[in-house]
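Structure record follows, encoded as structure tokens.
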Amino acid sequence: MAPAPDTLTIRRPDDLHLHFRDGATMRAVVPWTARQFARAIVMPNLSPPVTTSAIAAGYRERIGAAVPEGVPFEPLMTAYLTDDTDPDDIAAGFAGGVLTAAKLYPAGATTNSASGVTDIARIMPVLERMAAIGMPLCVHGEVTGAEVDIFDREAVFIDRELAPLVARLPVLKVIFEHVTTAEAVQFVQGAGTNVAATITPQHLHINRNAMLAGGIRPHMYCLPVAKRETHRLALRAAATSGSPKFFLGTDSAPHHRHAKEAACGCAGIFNAPFALESYLQVFEEEGALDRFEGFASEHGARFYGLPLNEGVVTLERLPAAVPAEIEGGEASIVPFHAGDTLNWRLVSA
Ligand code: NCD
Ligand code: ZN
Ligand code: ZN
């Protein structure tokens with residue numbers, strides 16, 4: 001067997017799902033992403049949410065102003081769908097290059113989703129229009145009913161909502177975001193080429209024990225919540241399979257330490273600072289270093305119909321110590337892998 005390489009150079013990657021927030025927090029977190037990724041699909045769940053093309057254009061400008069001088073980084077914007085979304089506005093935003101996709105949050109499913117969609121039937125005109133113009137739909141795939149166990153909400157969403165939607169609009173490009181279950185992997189694999197999924201680093205690294213065994217660990221809590229080990233293994237197999245249907249989307253979701261370490265802690269894991277290092281460790285453990293570039297830099301861009309990035313990034317096999325906390329604007333944020341040492345380190349440009 002050839003010895004494992006000590007450096008890995010890949011085409012500059014994209015993060016196809018993350019949260020930047022706004023204001024001081026955004027200014028603190030954007031540089032972490034910009035140092036690794038050429039582009040990122042920016043989620044619109046601000047408070048109030050980014051519901052129109054005009055709001056997205058303003059948000060894009062604020063993000064651009066937070067990118068460090070000389071760093072080539074392009075935020076790709078999404079619109080937050082509500083029961084009242086105007087199809088003309090969404091289509092104009094897409095045609096004008098302001099919007100790259102629109103996001104479906106079932107109302108109440110996750111952080112800042114209260115204004116989300118109460119019934120997919122209500123936004124059918126928007127979705128039909130998106131299908132007609134080739135505009136991708138990003139989906140937070142969980143049902144919200146209190147009668148459904150939180151660990152089952154993704155699998156139930158597939159049967160109740162996603163499968164019927166995909167059957168009804170067979171050309172709509174759908175990204176099943178942050179998949180966490182073997183059922184989701186199977187659904188995506190079995191669907192047409194218009195259906196793909198993002199996978200986060202945390203769902204490749206941890207199962208639900210990390211959150212609940214030996215004490216409750218709020219920094220391991222995100223939505224969809226981490227599942228059993230069998231699901232983690234299915235996600236690792238999918239991510240490293242080489243299938244163009246699975247690609248990198250960190251779901252980096254910064255919440256300040258005090259908002260996580262609370263009686264009712266927020267959902268979301270801030271993984272942006274060491275995202276590439278975190279994913280790469282998984283690919284190495286799975287003996288799939290040769291498939292990392294596809295997952296990180298090619299599959300997502302191709303699915304979205306974006307040009308592949310020009311430059312490269314290099315990672316070297318050197319210990320990367322993840323700090324216990326990171327400056328997060330108004331307060332500090334505890335990153336994923338806080339206090340741990342990862343095996344790879346990004347070489348700064
Ligand atoms: C995200 C957030 O904090 O905005 N939280 C999370 O747990 N993933 C929202 C989301 O992506 O569902
Ligand atoms: Zn989500
Ligand atoms: Zn997210």
Side-chain angles (χ1 to χ4, degrees), residues 14-69 71 73-82 84-85 89-90 93 96-105 107-117 138 140 177-178 198 200 219 221-223 249-262 264-273 275 325-336:
D14 298 311
D15 184 346
L16 284 313
H17 176 137
L18 58 58
H19 305 266
F20 276 152
R21 315 306 186 202
D22 210 341
T25 305
M26 176 197 72
R27 290 190 289 274
V29 303
V30 162
W32 288 108
T33 293
R35 71 187 266 273
Q36 302 168 62
F37 297 100
R39 299 172 291 208
I41 298 276
V42 181
M43 289 297 131
N45 62 332
L46 302 182
S47 174
V50 179
T51 48
T52 66
S53 299
I55 299 173
Y59 185 32
R60 178 167 71 173
E61 211 148 287
R62 296 196 295 283
I63 294 167
V67 175
E69 210 43 52
V71 176
F73 175 75
E74 187 189 0
L76 303 174
M77 309 310 291
T78 58
Y80 181 119
L81 298 177
T82 72
D84 305 317
T85 297
D89 177 61
I90 297 299
V98 172
L99 297 176
T100 299
K103 177 70 186 248
L104 166 59
Y105 289 105
T110 187
T111 303
N112 291 337
S113 62
S115 332
V117 173
C138 304
H140 180 107
E177 300 288 354
H178 47 42
T198 52
T200 77
H219 299 292
Y221 173 60
C222 67
L223 288 171
T250 62
D251 193 24
S252 180
H255 292 278
H256 294 125
R257 178 193 277 275
H258 57 83
K260 296 283 293 173
E261 298 174 8
C264 185
C266 294
I269 294 179
F270 177 49
N271 57 29
E325 55 180 30
I326 296 226
E327 198 276 306
E330 287 116 17
S332 68
I333 306 171
V334 176
F336 188 45

Residues Val71, Arg35; criterion side-chain contact (heavy atoms from CB on, under 4.5 Å); working and verdict: CA-CA 7 Å; Val71 176; Arg35 71 187 266 273; 5.8 Å; no

Parallel, tilted or perpendicular: which fits the ring planes of His140 and His178, with parallel below 30° and perpendicular above 60°? perpendicular

Specify whether Phe20 and Phe73 have parallel, tilted or perpendicular ring planes, treating 30° as the upper limit for parallel and 60° as the lower limit for perpendicular. perpendicular

Kindly compute the distance separating [atom1] ([X]) from [atom2] ([Y]), expressed to the nearest 0.5 Å.
| X | Y | atom1 | atom2 | answer |
| --- | --- | --- | --- | --- |
| Leu76 | Leu18 | CG | CG | 9.5 Å |
| Trp32 | Ile333 | CH2 | CD1 | 11.0 Å |
| Met43 | Thr110 | CE | OG1 | 11.0 Å |
| Asp14 | Thr33 | CG | OG1 | 11.5 Å |

Testing His256, His258, Glu325 one by one against Ser332 for a side chain to side chain contact (heavy atoms under 4.5 Å, CB included), which residue passes? Glu325

Quick check: closest heavy atoms across [X] and [Y], and the distance to 0.1 Å?
| X | Y | value |
| --- | --- | --- |
| Thr82 | Ser115 | CG2-O, 3.4 Å |
| Tyr221 | Cys266 | CD2-O, 3.6 Å |
| Phe270 | Pro254 | CD1-CB, 3.7 Å |
| Glu330 | Ala24 | OE2-CB, 3.6 Å |
| Gly116 | Tyr80 | N-OH, 3.4 Å |
| Pro31 | Pro68 | CB-CG, 3.8 Å |

Residues, nucleotides or ligands: over 12 heavy atoms within 6.0 Å of Glu61 CD: no

Kindly indicate, with the supporting measurements, whether the criterion side-chain contact (heavy atoms from CB on, under 4.5 Å) is fulfilled by Thr100 and Ile41. CA-CA 8 Å; Thr100 299; Ile41 298 276; 3.8 Å; yes

Flag, side chain of [X] to backbone of [Y], donor-acceptor distance under 3.5 Å:
| X | Y | answer |
| --- | --- | --- |
| Ser113 | Ala109 | yes |
| Thr198 | Gly249 | no |
| Lys260 | Ile269 | no |

Answer whether the closest heavy-atom distance between the side chains of Pro44 and Tyr59 falls below 4.5 Å. no

Between Leu99 and Thr78, is the side-chain contact (heavy atoms from CB on, under 4.5 Å) condition met? List the steps. CA-CA 5 Å; Leu99 297 176; Thr78 58; 5.8 Å; no

Going through the distances and angles, do His19 and Asn45 end up as a side-chain contact (heavy atoms from CB on, under 4.5 Å)? CA-CA 8 Å; His19 305 266; Asn45 62 332; 2.8 Å; yes

Residues Asp89 and Thr52: side-chain donor-acceptor under 3.5 angstrom: no

Given the rule in the side chain to side chain donor-acceptor pair (under 3.5 Å) test, do His255 and Arg21 qualify, once you have shown the distances and angles that lead to the verdict? CA-CA 9 Å; His255 292 278; Arg21 315 306 186 202; 3.1 Å; yes

One pair to check against side chain to side chain donor-acceptor pair (under 3.5 Å): Asn112 and Ser47. What are the steps and the verdict? CA-CA 6 Å; Asn112 291 337; Ser47 174; 4.5 Å; no

